[in-house]
Structures are given as C-alpha cells and as structure tokens.
Protein chains: 2
Amino acid sequence: MVNLELYRVFYTVARCGSLTKAAEELYISQPAVSQAVKQLENQLGTSLFNRMHKGMELSKQGGELIYADVERALQLLSGVEDKLSELKQSATGTLRIGASETIFQYILADKIVAYNKQYPQVKIDLISDVSPKIIELLKTDHCDVGFLNLPIEEDEGIRLNASVALLNDVFVAGEAFSELKDKELTVWDLQKYPLLMLEQNTVARAAINHYAESLGAVLRPAVEVGSWDFMKRLVTDGMGIGCLPREYAQRRLRDGELFELNVTPAMPSRSVGLALAKNASMPFSLRAFINLVTGEPHA
Amino acid sequence: MVNLELYRVFYTVARCGSLTKAAEELYISQPAVSQAVKQLENQLGTSLFNRMHKGMELSKQGGELIYADVERALQLLSGVEDKLSELKQSATGTLRIGASETIFQYILADKIVAYNKQYPQVKIDLISDVSPKIIELLKTDHCDVGFLNLPIEEDEGIRLNASVALLNDVFVAGEAFSELKDKELTVWDLQKYPLLMLEQNTVARAAINHYAESLGAVLRPAVEVGSWDFMKRLVTDGMGIGCLPREYAQRRLRDGELFELNVTPAMPSRSVGLALAKNASMPFSLRAFINLVTGEPHA
DNA sequence: AGTTCCATATAAATTTCGTTTATATTATAG
DNA sequence: CTATAATATAAACGAAATTTATATGGAACT
C-alpha cells in the first residue's frame, strides 16, 4: 500500500513540471522531492516522469495515466478540509435542537423564528422530548443543543450552561375560586383546596415538593395531569388550584381566565438550562444559535 | 495541510467502527490508530467520531460529512495502483511503434497484424519516420519501441536489442540488362553500368560506400532516389542497376520483373535493430509485442 | 570547444514523527 | 462488584523522511 503523501508530491511535481519548483511549493528540499518521486515510482513499479534537462514531464505510459485521478482525489481531500472549515465559519448544515414541547412553545419559539430568519441556510431539526431523553440524545450525538428544566443531576458528558430563562412557579385558579383573589395565603392555606399538579418524576413536581417540604408542609395533588395545557384547561374550568410556571399561562392570566394567588413565600424560581454534549464540536450554526438564545457572544 | 495518511486511518476506523479492529486491519497498534484519529481531529479542528463504549461512530457534524468524499478519494488512489498494475499484467493501453515506412511494410506488417489479432484491446500507434527521428521520439517518450536500420551510433538513453531481421543488399536489374543474368560479376564490373542508389545520409547508402571502399573501389550513383519503391520502378523500366535489400523486392524478383545480379563478394548483410528508451517502463502490451517480434520470451 | 548555468541524482547525517509498550480510564455486562 | 472490552495517555524507541553537501549531466552561450 502506497504512502498517500507521495501522491501529493507526485501531483505537485507534475503540475510544476520541475522538482525544484515543486520543492519550493511544498516547502521542502529538492532532494526530498526527488526521493519521494523515486519512491512512488518504485512502489508503483512504473516510471512516472520523463527526466528532461529542463524539468520533469509526465510519462505517457505512467504519470499521464494517473494524473487525472490523483488530481481528483487530492481535490476531494482538500475539499474535505474546506467543508469542515466552512462549517465552523459560516451558517451551513443542520442544527438539531432538543427540548420539551413546552420549552419550545413558550421559551424558544421566538428565538427559533428569529434564527431562521437570520440564517435561512441552516436546516433546523426540532426534537421534542423530556429532559432525560434530551440528555441521552445529546450524548449519543442525535442532538446538538438541549434545553432542560433545572435542576438536573450532574452528568459526565454534558456541559450545562447557565440559565437561559427563568420559570416562576405560581398557584393559579379560575373564577370558581374568586374568593381567594387578593388574599394573602400560605402553603398551609393551600392544603385545604384541591390542587392540580404535573405528574410525578418531573422537575416541576419535584420543585413543589421541595418547596412545601422546606416549609415543613406537605402538598398533595387532588389531580395529576400530564401536560400544562390540560392543567390550564381544568383549572380554568374550576377544578381546583393549579401550580405552574407563570410564563406558561401568560395569555389566560392577562385575559382574566385565571388569576394568580398571592402565596407567601413565593416558590423559588426554576431555570431552564442550555446543555451541550461535552465532546461535541461547535459549528458556526450552533454557536450563532447559542449566542442568540443567551443574548451574549459566547465561546 | 493535513497528512493524507491520516485519512486512510480515518476511513478504516469509520468502516470498522472501532479503533481496535482498524488497528488489526492496518497492521498497527491500537494506540497508533487512536493518536492518528486524534491528530486528524486536531488538524481539522473538529471532532470526527463519537467515542462510544462499544466503539467509534462517525459524528453527525464531523465525520459523517466527510466520509463519502474520503472514501471516493481513497478509491481513486487505490484505483491508480490497480491501473498501473494492470498495465503491467494485461494487454491494455496504447503501444506506439516507430520505424521507417519500409520497415513497417516489409518487416513489421505481418507481426503487427498478428499482434492486433491476439491483443485487440491494445491501441496501436504507428509512427513512421527515419531512424534518427525515431531515436528522438523514443528519448522524448513519444514512442515506446523503435526499429532501426543498423549500424547506428551508440546513444545514451537508448537500449538497442539484437537484430530483429536481416537485410541483404543485392544488385538488381530489369530485362534491359538481361545480358548480365547468371554472369559472375565483381564490384569493378558494376562501375561500368548506371547505378541507382538511395540518397545520401542513409544507412543503406553508407553500406554501399563501405562495401566498395573495403574492396578498394568506388561506386557512384547515376541516379539517387528517395525511396525504394521509386528505385524499383526505375530499375524495372531499365534505367540501370539498383542496389537494395533483397527483402524489399521479393515480389518483382519472384515475378521476374527484376533479377538479382551475381556479384562477388556479396555485400554484408545489415540488420534491423529493436530500440527502447533506457528509462522507459515495460507495460505488458510492449513486452508482448517484443516477444512476438523477436520470437522469444524476453525480459 | 570550453565554461557556466540549471536541472536532477546521490549519500550520509540528522531530526522528526509515527509506533510500540505499558498502563490508565471508563462503561457495560454478568 | 468484578470482569471484560473498549479508548486514552505517556514515555521510550525506532524507522523513515528531510536536510546538507555534493555529484552528475546536458544546453546555451561565448
């Protein structure tokens, strides 16, 4: 099997028509080129050049037969470098974003639209799944950037980036509970009402538990729902008091379909984090998206 | 500029999906492969593989983008080896034969027909020119094998191969000189008749001069002609006595249009030599032709 | 013809770079 | 929790490419 570097020398010599000129172009000495050519000829078992007094000329039965193929091969390999370098320098390729459906809808939607407007060349794949799955997708290179509800346990292989957005969990109710409007409430008061919460093993649910626990209380859901949308629907219909991020109910709060309870102390805000695979590369398209989302130029 | 050997490692690893297996295939150690991959990744500034617990997988934003191009390039370069190796092992390509028109006609014609019949795949270029020009064409790689009227001065850059055919110069005449039939003649007798010879600066003419000189005589042409064909025509028409290789007049001698004079001593025979460029390669097509012409298996 | 110039070829010393050996690390499977 | 199977790392080694110096050879010029 022939050392591929020899083909580069061959090609340069053929193009220059001279060992000396090729040596200059390759930034190596003339004897090095001379030896390389000879080595290639030996290994291929054929003479490739005619040695002329004025230089080197492709031989008809050797070099000339292979020149075009060698040229094409070297162009391809050089193109490979260009392709990867372009990926780092301009907005091309594909960007795969992973997040929960909710995060897409309430936090990323505007950003994604803006990004697409600025970089229409970049194909965007939106992968909607729960946080643990997103982490898995990041680590298996099925996703370039993920957005996760924090906190989440440390994971080797994931780089977590400071919070991208804050989620402020609040308790909300509909007209059926209008007597609670403007009342100052505590967690203990809430215990008397039917509560709607997201199902177990979610960050949101863990946040509620932790909140109540830190006050020495326990909050039990009357109803567990699978999605915020469904919770909002049920709470609006008067089924009980819901606990959800204010950001996810902005329209209904503004329109008065729901109102926010004045509970003291307020639940600590949670944050949405940006996660990257630890070993992943950082194409331009990804960097640009991160900048746009974090609002900051970013390494 | 990236060391092209690294692409071979990259490709093997990608194909094997494993550093270890690639190392076996490449007959080098696993760490060598590991380092080569890392080096390529560094030089390209991109991660190319996802390191899995079970092996290596092309990364979506790196290796996968370049794999096809690298594969194509390596196939081309591997094809280059095949192409040249095939040239040495089977009858393909082009064979460029140089000789004088006469040699083609009277010595090589049959051989070329036979060769073409046996190796129809080989394209044959016949280059007809005088011997010094043929030597030039051999040295400048415009011709693969040449046939020359010997003797010819030694030439660096040309390998002369023992004689391929003998040319026996004889004196011939037509009916106008029928009184000479069966007479025993010497060079002195010839001086009395009008002689037709080929023009100066030809091997044939030099042979006549040398022959006469060696006997202490001088033969001067009454007519100098530019080609054997023309000489035969004029001699047949009774213009004088011609001197030419018997081999070039076989038909007219057989048909009785010309007869051969019985001159003593006979002119020494000249030979036709096969010449190759000293540094030229020896593709199968060429070797086969030489074998056919010399009638012998041949290095 | 002789000399100079310009090209490639060759030889030996050196340095670089790839390779190996040995070991660490990590994750999955049993 | 150990065993296995993969990749990663580090240091020592060795082969191979490069350089320096020189040889060789032909063409052009005087």
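A, B, ... follow the sequence lines: proteins, then strands. Residue 1 opens every chain.
In this entry the distance linking CG of B:Leu6 with P of C:dC17 reads 12 Å, nearest Å. A:Ile28 has its CD1 atom 15 Å from the C1' atom of C:dC17, to the nearest Å. The distance from atom CG of B:Leu26 to atom P of C:dG18 is 14 Å, rounded to the nearest whole Å.
Not a single salt bridge (Lys or Arg N to Asp or Glu O under 4.0 Å) links A:Lys38 to another residue, sequence neighbours left out.
Taking CG from B:Leu77 and CE from A:Met1, the interatomic distance works out to 12.0 Å, rounded to the nearest 0.5 Å. Between A:Asp141 atom CG and B:Asn50 atom CG the span is 4.0 Å, to the nearest 0.5 Å.
Side-chain nitrogen and oxygen atoms of B:Asn3 include at least one within less than 4.0 Å of the OP1 or OP2 phosphate oxygen of C:dG18. Using a 4.0 Å cut-off, some side-chain N or O of B:His53 falls inside it from OP1 or OP2 of C:dT28.
Using a 4.0 Å cut-off between charged side-chain N and carboxylate O, A:Glu24 and A:Lys21 make no salt bridge.
For the residue pair A:Glu25 and A:Thr12, no side-chain donor N or O sits within less than 3.5 Å of a side-chain acceptor on the partner.
In this structure, the side chains of B:Leu87 and A:Thr46 stay at 4.5 Å or more apart for every pair of heavy atoms.
A tilted orientation is assigned to the rings of B:Phe49 and B:Phe10, their planes being inclined by 30° to 60°.
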Under the side chain to side chain contact (heavy atoms under 4.5 Å, CB included) criterion, do A:Asp144 and B:Gln61 qualify, and how do the steps go?
-> CA-CA 9 Å; A:Asp144 298 311; B:Gln61 303 280 11; 2.8 Å; yes
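Heavy-atom distances under 4.0 Å link DNA chain D to B:Lys38, B:Arg51 of residues 37-52 of chain B, given in residue order.
For DNA chain D, the outermost nucleotides in 5' to 3' order that have an atom under 4.0 Å from a heavy atom of chain B are D:dA6 to D:dA11.
Along DNA chain C, the nucleotide nearest B:Gln35 and the nucleotide nearest A:Gln30 are compared for position; the residue whose nucleotide lies closer to the 5' end is A:Gln30.
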